[in-house]
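Before any comments, here is the structure.
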Amino acid sequence: MDLDCTGLLCPLPVIKLAKTLPTVAVGDTVTVLADDPAAATDIPAWCRMRSQELVSAGENQYVVRRVS
């Protein structure tokens, strides 16, 4: 699933990810598109705090796997 958060500022990309992740099956991924510079810190930190897997982080794109 793709989650387009382009143009949204902190903390909205993380809030949208938090609301979207429970809607996908365990083991599935959500690709977050976010151009807010804070997302580079916020999304990996959110994954650590919520015990979800950050599969990859690149230029304005973050892939998060639902673990639980």
Side-chain angles (χ1 to χ4, degrees):
M1 166 181 276
D2 289 340
L3 182 61
D4 188 358
C5 295
T6 306
L8 299 179
L9 298 177
C10 177
L12 292 176
V14 170
I15 290 170
K16 285 183 150 271
L17 174 59
K19 288 182 178 181
T20 301
L21 199 63
T23 69
V24 301
V26 172
D28 284 351
T29 61
V30 174
T31 299
V32 182
L33 305 174
D35 56 358
D36 178 15
T41 303
D42 293 348
I43 292 175
W46 182 87
C47 289
R48 284 190 304 274
M49 289 187 302
R50 300 291 184 226
S51 299
Q52 303 301 323
E53 180 184 359
L54 180 64
V55 176
S56 66
E59 180 104 14
N60 299 332
Q61 182 173 312
Y62 308 86
V63 179
V64 178
R65 182 180 327 275
R66 182 174 177 199
V67 175
S68 59

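Hydrogens, waters and symmetry mates play no part in the numbers below; they use all other heavy atoms, side chains included.
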Return all side-chain donor-acceptor pairs below 3.5 angstrom for residues 1-22, not counting sequence neighbours, or 'none' if the list is empty.
residue	atom	partner	partner atom	Å
D4	OD1	T6	N	2.9
D4	OD1	T6	OG1	2.6
T20	OG1	K16	O	2.8

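- Taking R65 as the reference, T29, E53, V55 meet the side chain to side chain contact (heavy atoms under 4.5 Å, CB included) condition, with sequence neighbours excluded.
- Take A40 and apply the side chain to side chain contact (heavy atoms under 4.5 Å, CB included) test, not counting sequence neighbours, and it matches Y62.
- Both L54 and V32 belong to a common hydrophobic cluster when Ile, Leu, Val, Met, Phe, Trp and Tyr are linked at side-chain heavy-atom distances under 4.5 angstrom.
- Residues in residues 22-45 take part in no salt bridge (Lys or Arg N to Asp or Glu O under 4.0 Å) pair, two or more places apart or across chains.
- The closest side-chain heavy-atom distance from R66 to V30 is not below 4.5 Å.
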